[in-house]
Protein chains: 2
Amino acid sequence: MGNTLKAAGETRAGDVLARMRSDIISCALKPGTKLRFETLRELYEVSFSTLREALSRLVAEGLVVAEGQRGFLVAPVSLFDLNDLTDVRVLVERQCIKLAIDRGDDRWEADIMAAFHRMDRLQSRLGASYYLSDEWATLHSAFHLSLVAACGSPNLLEIRQKLFERAHRYRRMSSQFRPQWRAKDVEHKMIMDRVIARDTATAQDLVDRHIRETTENVIAHASHLFAQSGTADAFRRPDPVAAE
Amino acid sequence: MGNTLKAAGETRAGDVLARMRSDIISCALKPGTKLRFETLRELYEVSFSTLREALSRLVAEGLVVAEGQRGFLVAPVSLFDLNDLTDVRVLVERQCIKLAIDRGDDRWEADIMAAFHRMDRLQSRLGASYYLSDEWATLHSAFHLSLVAACGSPNLLEIRQKLFERAHRYRRMSSQFRPQWRAKDVEHKMIMDRVIARDTATAQDLVDRHIRETTENVIAHASHLFAQSGTADAFRRPDPVAAE
DNA sequence: TTACTGCGGATTTTCGAAATAATCAAACCT
DNA sequence: AGGTTTGATTATTTCGAAAATCCGCAGTAA
């Protein structure tokens, strides 16, 4: 029964998960949208259970929120969330950088240079609008990961990756409106240099600024898209987890 | 069809989730155990789909790991993971404390004292073995949460809570073997005092030590229960998420 | 008019069977 | 004998229908 396509060893739920994540990040599914099962079922051509599985995982990633027994929602965006997200990312990323520089070996340095090279070459090939390409987003993500891959903390890296994904959605929202992004590639090169030179303090500051300036850019050009909704309500998580 | 019990407004999956979490933390489901659906189905008296939902959420909390299309596993424990978890918790908790002290108001201070009082009174009532009680664990969790509740960062608080849960399992493993825990309550009081006095640096250091000493305690008395398994393999997460 | 209650339609949540994939062991080839 | 393929068995993943729940609205009473 030839479905879309079912790559090697990939579970159906995983495939839907990836497609939905992509659609949420690209805002094909707009923030705050109610996700009705019937609609999704025909959109992604899978059954209720499979959808539910994917939705559950997206809730874990913070891209979808669950409302008790009233269904699911694309996680809303807001100025408050963006600022909070940015602060947490800076905290985590600074620590990752520090640990990676302390613990990284030659192999780690080589991987960074390789990741940068791949990203750099793709930018040249794609020209001015590289930032709109999914392929570039992947290489960009891989580059930033390579910088901190040697930090030696699986837990920190997992947290970092989830935050990076969430932030990606905000970045996409602004790139949509700002064809001429400022030259991130220069910053990337500087960060790489300072990291490989094991200059912890400077590397941390550069990454800090890299993140915060991007946020400022988003706020300047895309904040009109954000929900004015209350600072508190937009962040209710479904599960009070343990306490109470 | 009178099932166990179905409290107000609680979804079945949520109930199973809570029970499984409790069983994993208490090690009724031992670390590293393969979770077969048929077994779980009769143990928790629910269907495949409902189980799958609960399992998915537990994966998000890091208490269960998924192995491709080869089923689920209770997340293994290891010395490496415990140490890593501890380091990340210290990073997060220090930041939470700092922000809460910067931003907390009178109401926040009052809530801390109330949470401490409830925990303290329960300890008196239960006597020497209070730490084995689930009720105390809840109040203990609530107390630590109250300290940082005013930090103003939903994202940081969510991360903190998940890490706290994971650490809880390790704490349980050692309390099982060490009936006479050292007097945590004195530490709790000191922390509360320094937090309310807005003495950020000291409060951070106390919490830091509070966490690290507990970890040392666990290592000293329960590390023989840990898997010797490789430092890397025990932490594979199911989903490479975005980066390739 | 305003607040409360009970019905009807829509949506989510749960179920267990059917399809798909992995595991294990015996037989087969080299 | 060692290693590989095949086939039977077991476990997981997916499906769509059935049950439970929620939401809006009409009708009634204060």
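Proteins get letters first, then strands, A, B, ... in listed order; numbering begins at 1 in each.
Here Arg36(B) pairs with nothing under the salt bridge (Lys or Arg N to Asp or Glu O under 4.0 Å) rule; sequence neighbours left out. Among residues two or more places apart in sequence or in another chain, the salt bridge (Lys or Arg N to Asp or Glu O under 4.0 Å) test is passed with Asp105(B) by none. Arg89(A) meets the salt bridge (Lys or Arg N to Asp or Glu O under 4.0 Å) test with no other residue; sequence neighbours excluded. Residues that satisfy the salt bridge (Lys or Arg N to Asp or Glu O under 4.0 Å) test with Glu135(A), not counting sequence neighbours, are absent from this structure. For Asp106(B), the side-chain hydrogen bond (donor to acceptor under 3.5 Å, both in side chains) test picks out no residue, with sequence neighbours left out. Contacts of Gln95(A) classified as side-chain hydrogen bond (donor to acceptor under 3.5 Å, both in side chains), with partners at least two apart in sequence or in another chain: none. Residues satisfying the side-chain hydrogen bond (donor to acceptor under 3.5 Å, both in side chains) criterion with Ser153(B), sequence neighbours excluded, are Asp84(A).
Side-chain nitrogen and oxygen atoms of Gln69(A) include at least one within less than 4.0 Å of the OP1 or OP2 phosphate oxygen of dC22(D). For dC15(D), one of the phosphate oxygens OP1 or OP2 lies less than 4.0 angstrom from a side-chain nitrogen or oxygen of Thr50(A). For the OP1/OP2 pair of dC15(D) and a distance below 4.0 Å, the side-chain nitrogens and oxygens of Arg12(A) include at least one atom meeting the criterion.
For the residue pair Asn217(A) and Tyr170(A), no side-chain donor N or O sits within less than 3.5 Å of a side-chain acceptor on the partner.
Across the protein-nucleic acid pair, Leu51(A) atom CG and dT13(C) atom C1' stand 13 Å apart, rounded to whole Å. Taking atom CD of residue Glu38(B) and atom P of nucleotide dA17(C), one finds them 10 Å apart after rounding to whole Å. Atom CZ in Arg52(B) sits about 11 Å away from atom C1' in dA11(D), given to the nearest Å. Regarding Leu40(B), its CG atom lies at a distance of 12 Å from the P atom of dT13(D), rounded to whole Å. Rounded to whole angstrom, the span from the CD atom of Glu10(B) across to the P atom of dT21(D) amounts to 12 Å. At whole-Å resolution of the value, CG in Asp15(A) and C1' in dT14(D) are 13 Å apart. Rounded to an integer number of Å, the gap from Leu55(B) CG to dT12(D) P is 10 Å. Atoms CG (Leu73(B)) and C1' (dA22(C)) sit 15 Å apart, rounded to a whole Å.
Between Val64(B) and Leu35(B), some side-chain heavy-atom pair lies under the 4.5 Å cut-off.
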Inset, instruction - Encode nucleotides 6-11 of chain C as B, S and - characters from 5' to 3', where the letter depends on protein heavy atoms closer than 4.0 Å: B to the base, S only to sugar-phosphate, - to neither. - result: -----S
Polar atoms only, N or O, under 3.5 Å: list the protein pairs with nucleotides 16-18 of chain D and their distances.
unit_1, atom_1, unit_2, atom_2, d
dG16(D), O6, Ser49(A), OG, 2.9

